[in-house]
Amino acid sequence: QLDTAGAHRMLLFAGGHPIMPADPRVLRVAGRLGYLSVERLVVRRARRQLGALLGADRDVLRRATVYLSHHGALTCTEREPHCRVCPLARECPAST
């Protein structure tokens, strides 16, 4: 079975639909960077809000999804983010 995030990724990358995936890593990074309201981080609302910020260009959405997901997996981890080596630390309000 395919979860919601996987279905959204498939629609974006294989189907060519301009849809922002409900990837927890992407939403976590966007929230820490201040693009989303972390207090009210409801997945559906956050996904739409981030999609509105990035626009409807499929290539932009694809590149942003890949970068933010990778960044969330390796640098901006859920516990103990690696802010010292983060290339976005200067712009990040959550940077420690």
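- Residue Ala22 comes nearest to His8 through the heavy atom pair N-ND1, 3.3 Å, listed as atom of the first residue, atom of the second, then distance.
- With a 4.5 Å cut-off on side-chain heavy atoms, Leu12 and Pro18 do not count as touching.
- Follow the hydrophobic side-chain contacts under 4.5 Å out from Leu27 and you reach Val66 in the same cluster.
- The two residues Val60 and Leu54 have their closest heavy-atom pair at CG1-O, 3.8 Å.
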Which is it for Arg48 and Met20 under the side chain to side chain contact (heavy atoms under 4.5 Å, CB included) test, yes or no, and what are the steps along the way?
CA-CA 7 Å; Arg48 286 183 185 153; Met20 194 68 201; over 6 Å; no

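- Checked by atom type and distance alone, the side chain of Thr65 pairs as donor or acceptor with a backbone atom of Leu61 at under 3.5 Å.
- The main-chain N or O of His71 is never found under 3.5 Å from a side-chain atom of Arg25 such that the two would form a donor-acceptor pair.
- The side chain to side chain contact (heavy atoms under 4.5 Å, CB included) with Ser95 is formed by just one residue from the set Cys83, Cys86, Cys76; it is Cys83.
- In this structure, CG on Leu68 lies 7.5 Å from CG on Leu33, to the nearest 0.5 angstrom.
- Considering all non-hydrogen atoms of both residues, Asp23 and Ser69 come closest at OD2-OG, 3.1 Å.
- Heavy-atom contacts from other residues, nucleotides or ligands closer than 6.0 Å to NE2 of His82 number more than 12.
- Follow the hydrophobic side-chain contacts under 4.5 Å out from Met10 and you never reach Phe13; the two are in separate clusters.
- The environment of Tyr35 atom OH is sparse: at most 12 non-hydrogen atoms of other residues, nucleotides or ligands sit within 6.0 angstrom.
- One hydrophobic cluster holds both Leu88 and Leu53 under the rule that ILVMFWY side chains link at heavy-atom gaps under 4.5 Å.
- With values rounded to the nearest 0.5 angstrom, Thr75 atom OG1 is found 12.0 Å from Arg84 atom CZ.
- For the pair Arg58 (side chain) and Gly16 (backbone), a donor-acceptor distance under 3.5 Å is present.
- Heavy-atom contacts from other residues, nucleotides or ligands closer than 6.0 Å to CZ of Arg62 number more than 12.
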